[in-house]
Structure formats: C-alpha cells, structure tokens
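Read the structure below first, then the notes.
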Amino acid sequence: MLLRSLLALALLCALPAAQTPLDRGLDAIRVENIEADVRFLASDELRGRDTPSDELRLAARYLRARLMRLGFQPAGDDGYLHEYALEAKRLDTERSSIVLDKGGVETELKFGRDVFFSPGGVDDFEVSGELVFCGRATAEDVAGIDLAGKWAVAYDSDVPWRARRDAVRARGAVGIVVTPGPDYDDEPYPRRWRSWVWRARAGSMALPGAAADEKPLSYLYVVRQRGAELLGESPALGQSLGATLRETRAVAEGRERFTVENVCGLWPGLDPELSKEVLIVSAHYDHVGAREGEIYNGADDNGSGTTGLLALAEGLAAAGPLRRSVLLIWVSGEEKGLLGSEAWTLNPTLPPGTRAVANVNIDMIGRNAPEKLLVTPTAALEQYNGLVQLAESFAASEGFAT
C-alpha cells in the first residue's frame with residue numbers, strides 16, 4: 001500500500017502544469033510532420049502542381065482530408081472546395097508579329113529567337129509607335145522625355161522591371177523594349193526567357209469574361225544583337241532612333257475551359273459577436289508544373305507556405321476555438337496571375353452573417369532569407385497597416401530581423 005501511494009505521489013509530482021491553449025497549439029506543430037507534408041506536395045509524382053492539372057486536384061484532396069480529420073467546417077461551395085472556371089488562351093504565332101521599320105526597311109523579329117515577352121494575359125491587340133532611347137528607364141531618366149504614343153527603349157540593368165514599366169507608362173509610352181546593355185552579365189535571353197516561349201504555346205489562363213482594368217503596357221525583351229543594331233553608336237537620352245515598331249498579338253481559336261479549386265476550412269470562434277469577424281489565413285498551393293520533361297517541384301514556392309498553413313491547422317485544432325473565427329484558404333492559379341484569389345474575392349464563401357476583417361498570406365518560408373521576416377506592404381507604401389506593424393513587433397522576439 002505504501003509503495004503504491006509513493007508511486008502515485010511520484011507520478012502526480014511528475015505531471016506537467018496545466019497548459020494554455022497557445023502551449024497546446026505550439027506543441028502540436030512538429031518539424032517531422034511539416035517535412036512529411038513538404039515531401040509529398042513537392043514530390044515528382046505531383047509534377048509541380050500546375051494550374052490546371054490532375055496533380056493539383058490530388059493536392060487539393062490531400063488538403064481537404066487534413067481539414068476533415070482535424071474537424072474544420074467545410075467553407076467552400078462544394079464542401080471544402082471552392083470551384084471556379086478558367087479559360088485557356090493560346091498565342092497564335094502565325095498571326096502574331098513584331099515588325100521593326102528602320103529607314104523604310106522592315107524586319108520581323110521572331111518570338112522565341114529575337115524577341116521575348118510574358119505570355120500572361122494574351123489578348124488580341126496591335127500597337128505601334130516611334131522608338132526613343134531612355135537609358136535605364138528610371139523615373140529620373142525619362143522625366144524630361146515625351147513618350148506619348150511611343151516605345152521606350154532601355155538597357156537591361158538592375159532597375160526592377162516594374163519600376164521601368166511605371167516610369168515609362170507615366171510618360172505616356174505604349175510599350176517598352178529592353179535589351180542587354182554594355183554591363184549586362186545575366187543569361188542570354190533565349191535561355192533566360194525560355195519558359196515564356198513554352199507558356200505562350202501552352203496557353204495562358206484567365207477567368208472567363210475577365211477584362212483588364214487598363215490596357216497593359218507592351219513589354220518586350222530583344223536579344224543583344226538585334227538591340228545593338230537598333231541602338232547604333234551610344235544614343236543620347238531621349239534621342240529618337242529613327243525607327244518604328246509594330247506589335248500584333250492574336251489569340252488562337254478554340255479556347256478551352258477548365259474547373260479549378262481552392263480549398264477552404266473554417267474554424268468557428270466562440271464569442272457570440274466577435275465570431276462574426278473572420279481572420280483569413282491563406283497560401284497558394286499551386287506551382288508551375290513541368291516543362292519539356294523537367295519538373296519544377298515547388299517545395300519553397302509554395303510548398304512551404306502550403307505546409308505552414310497545414311501546421312497552423314494542426315495548432316488550431318489542438319488549441320481550441322479562438323474568440324474570432326478563422327478561415328484557412330489554399331488558393332490555386334497564383335502562378336498564372338493570382339487567379340484563385342481573384343475568383344474567391346469575386347465569389348466569397350464566408351458563412352452568412354460574417355465578414356472578413358484581415359488576411360495574412362504566407363508565401364515561401366525560410367529559403368531566400370531564413371534569418372528575416374519579410375512582410376508587405378512595407379512602410380514605404382500607403383497600404384502599410386497595423387497588422388504589418390504587429391508582425392514586425394513580434395519578429396525580434398522570434399529571432400527574426402525585418
């Protein structure tokens with residue numbers, strides 16, 4: 001009897017103190033479980049989870065099964081799945097052309113050999129105009145140049161492509177031609193932009209009937225030799241190059257329709273009023289698929305964010321309900337132009353009587369800057385907000401720089 005009492009007392013003393021919900025949630029997140037999820041989602045068998053593909057559908061069912069096991073409520077329009085349609089549009093290379101007219105001599109630049117452009121958002125259009133040299137096409141370079149109805153020609157440099165685009169668009173340009181400058185040391189364009197050629201022939205995706213808010217600026221990359229022929233000897237900033245460029249793009253007939261899925265699970269809150277406020281945490285689970293026999297597995301982009309969201313689901317299930325409700329969304333079509341996010345925003349599947357109050361999106365954990373927490377929008381943008389500031393305030397306590 002005494003031995004039994006002593007043993008019971010020893011066991012009682014060894015019991016841990018009562019855990020808080022946060023402790024329970026953190027304890028449920030295990031490195032080995034995260035690794036197992038990443039290994040499956042980024043395996044060769046899932047062939048890069050392209051949108052659309054059978055492998056993407058398989059990944060969606062893997063996520064759905066986890067939500068079911070953990071007790072999340074279905075939050076799509078078909079159980080846990082939010083379905084939306086996509087339309088494939090392919091470039092008709094026979095009816096598309098880029099023609100340079102210099103001194104009355106016309107030269108056709110061949111896509112995939114002389115010139116490259118992103119195949120995203122393919123639509124029928126034609127644009128032409130005079131070519132004007134704009135240096136590196138920074139805002140300072142083009143500040144005094146009238147580019148209305150003209151093409152800007154710029155050296156390829158460390159200036160971000162969006163900065164070039166925004167700078168010349170603000171001056172009225174119809175397009176921009178980028179070509180290697182004297183200091184360019186990156187890959188030759190045929191290798192650097194080979195995926196664009198593949199994607200143009202495979203087709204770009206869009207929501208049916210979707211129209212751009214504004215006409216996109218035409219953005220071309222011209223190989224070094226053609227660029228040198230066009231520029232000649234060291235043109236001055238703002239100098240006309242004595243040439244015009246006409247670009248015609250045409251969409252092939254016979255557009256295909258596909259049904260694609262986002263995956264949505266709701267963790268209802270406890271508070272009678274605050275539970276009507278929904279915190280959305282999202283990640284895209286698609287990647288770019290396989291091209292010419294090479295599989296792009298997408299472990300980082302965004303197998304890491306996908307499994308991070310699965311780990312959060314495990315933590316929530318162990319911790320129990322919060323005061324507010326939490327909606328976990330894995331979106332598809334991100335690599336094709338944020339299509340899954342757009343589709344859900346146009347047709348949200350929030351429960352009646354609730355409203356979204358915040359969205360935290362997780363993309364690429366730990367590879368490019370493992371010692372940093374990279375959060376957007378940054379303080380340099382007007383969209384900078386309290387949620388970002390909160391994340392920044394917690395970063396140091398978790399060992400991250402911002």
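Numbering starts at 1 and runs along the sequence shown. Reckoned from all heavy atoms, side chains included, excluding hydrogens, waters and symmetry mates.
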| request: Check step by step if side chain to side chain contact (heavy atoms under 4.5 Å, CB included) holds for V115 and K110. | output: CA-CA 6 Å; V115 65; K110 293 290 187 182; over 6 Å; no
| task | Begin with the C-alpha distance, continue with both residues' side-chain angles, and end with the deciding distance and a verdict on side chain to side chain donor-acceptor pair (under 3.5 Å) for Y384 and T376. | result | CA-CA 8 Å; Y384 187 63; T376 59; over 6 Å; no
| task | Report the C-alpha separation of V153 and V132 in whole Å, then their side-chain angles, then the decisive distance to 0.1 Å, and conclude whether the side chain to side chain contact (heavy atoms under 4.5 Å, CB included) test is met. | result | CA-CA 6 Å; V153 181; V132 178; over 6 Å; no
| said: Go through it in stages, so that I can follow the logic: the residues are L231 and L241, the test is side chain to side chain contact (heavy atoms under 4.5 Å, CB included), and I'd like the CA-CA distance, side-chain angles, deciding distance and then a yes or no. | reply: CA-CA 7 Å; L231 289 170; L241 299 176; 3.9 Å; yes
| message | Under the criterion side chain to side chain donor-acceptor pair (under 3.5 Å), I'd like the reasoning laid out for N302 against E334: C-alpha separation, chi angles, the key distance, then a yes or no. | response | CA-CA 10 Å; N302 187 31; E334 190 271 353; over 6 Å; no
| task | Let me see the working for E392 and T402 under side chain to side chain donor-acceptor pair (under 3.5 Å), right down to the final yes or no. | result | CA-CA 7 Å; E392 291 172 339; T402 57; 5.4 Å; no
| request: Verify side chain to side chain contact (heavy atoms under 4.5 Å, CB included) between E277 and R355, making sure each step is shown before the conclusion. | output: CA-CA 5 Å; E277 298 182 355; R355 64 186 182 93; 3.5 Å; yes
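For the pair A59 and L41, the tightest heavy-atom approach, listed with the atom from each and the gap, is CB-CD2, 4.0 Å. Here the closest non-hydrogen pair linking C264 and G76 is CB-N, 4.1 Å. Residue L237 comes nearest to C134 through the heavy atom pair CD1-C, 3.3 Å, listed as atom of the first residue, atom of the second, then distance. Considering every non-hydrogen atom in both G227 and V222, the closest pair reads N-CG1, 3.8 Å.
Atoms CG and CD, from D92 and E94 in turn, are 6.5 Å apart once rounded to the nearest 0.5 Å. Distance check: L327 CG to Q73 CD gives 11.0 Å after rounding to the nearest 0.5 Å. Atom CG of D301 is separated from atom NE2 of H287 by 5.5 Å, given to the nearest 0.5 angstrom. From I365, atom CD1 reaches atom OG1 of T306 across 9.0 Å, with rounding to the nearest 0.5 Å. Rounded to the nearest 0.5 angstrom, I145 CD1 and D141 CG are separated by 7.0 Å. In this structure, CG in L328 is found 5.0 Å from CG in L309, a value given to the nearest 0.5 Å.
Enclosure of atom CZ in R47 is not indicated, since only 12 or fewer non-hydrogen atoms of other residues, nucleotides or ligands lie within 6.0 angstrom. With a 6.0 Å radius and a threshold of 12 heavy atoms from other residues, nucleotides or ligands, R30 has its CZ atom at or below the threshold. Heavy atoms of other residues, nucleotides or ligands lying less than 6.0 angstrom from CD of E292 number 12 at most. Heavy-atom neighbours of R69 CZ from other residues, nucleotides or ligands within 6.0 Å: above the threshold of 12. Taking a 6.0 Å sphere around CZ of R224, one finds it holds more than 12 heavy atoms contributed by other residues, nucleotides or ligands. Residue-environment remark: CD (Q225) stays at or below the threshold of 12 foreign heavy atoms within 6.0 Å. Residue E382 qualifies as open at atom CD: its count of foreign heavy atoms under 6.0 Å is 12 or below.
For the side chain to side chain contact (heavy atoms under 4.5 Å, CB included) with N347, the lone residue among E342, E83, H82 that qualifies is H82.
We find that R90 and E256 are joined by a salt bridge, their nearest charged nitrogen and carboxylate oxygen being less than 4.0 Å apart. A salt bridge links D156 to R164: at least one charged side-chain nitrogen sits closer than 4.0 Å to a carboxylate oxygen. The pair R61-E261 meets the salt-bridge criterion, with a side-chain N (NZ, NE, NH1 or NH2) lying under 4.0 Å from an Asp/Glu carboxylate O. The pair R66-D37 meets the salt-bridge criterion, with a side-chain N (NZ, NE, NH1 or NH2) lying under 4.0 Å from an Asp/Glu carboxylate O. In summary, D271 and K276 do not engage in a salt bridge, as defined by a charged side-chain N under 4.0 Å from a carboxylate O. Remark: R49 does not engage D286 in a salt bridge, criterion side-chain N to carboxylate O under 4.0 Å.
Within the 3.5 Å criterion, the main-chain N or O of V168 finds no donor-acceptor partner in the side chain of R171. Side-chain N or O atoms of W151 include one that pairs as donor or acceptor with a backbone N or O of L245 at under 3.5 Å. Looking only at distances, no side-chain donor or acceptor of D50 sits under 3.5 Å from a matching main-chain atom of S53. Between the side chain of D101 and the backbone N or O of T244 there is no donor-acceptor pair closer than 3.5 Å. Between the side chain of T349 and the backbone N or O of A75 there is at least one donor-acceptor pair closer than 3.5 Å. Side-chain atoms of N297 never come within 3.5 Å of backbone atoms of A299 as a donor-acceptor pair (strictly under, hydrogens ignored). Within the 3.5 Å criterion, the main-chain N or O of L270 finds no donor-acceptor partner in the side chain of S275. A donor-acceptor pair is defined here as one N or O able to donate and one able to accept, closer than 3.5 Å; such a pair exists between the side chain of N262 and the backbone of G340. The main-chain N or O of A236 is found under 3.5 Å from a side-chain atom of Q239 such that the two form a donor-acceptor pair. Between the side chain of T345 and the main chain of S341, a donor-acceptor pair closer than 3.5 Å is present.
With hydrogens and angles left out, the side-chain atoms of E130 and S240 include a donor and acceptor closer than 3.5 Å. N361 and H284 are not linked by any side-chain donor-acceptor pair at a separation below 3.5 angstrom, with hydrogens and angles left out of the test. In this model, no donor atom of one side chain and acceptor atom of the other lie less than 3.5 Å apart for W330 and S282. For the residue pair T248 and E126, a side-chain donor N or O sits within less than 3.5 Å of a side-chain acceptor on the partner. Side chain to side chain, E314 and N33 fail the donor-acceptor criterion of an N or O pair below 3.5 Å.
Inter-residue side-chain proximity for L63 and L310 is flagged as met; some heavy-atom pair is nearer than 4.5 Å.
Between Y221 and W193, the angle of the ring planes lies from 30° to 60°, which puts this pair in the tilted group. Ring orientation note: the planes of Y219 and W161 are nearly perpendicular, at an angle over 60° on the 30°/60° scale.
Stacking of R249 on the aromatic ring of F117 is recorded, both the 6.0 Å distance cut-off and the 45° axial limit being met. Stacking of R291 on the aromatic ring of Y296 is recorded, both the 6.0 Å distance cut-off and the 45° axial limit being met.
Taking the six-membered ring for Trp and the full ring otherwise, the centers of F40 and Y62 sit less than 6.0 Å from each other. For an aromatic pair to be called close, the ring centres must be under 6.0 Å apart, and W267 with F72 satisfies this. For Y84 and F258, the gap between ring centers reaches or exceeds 6.0 Å.
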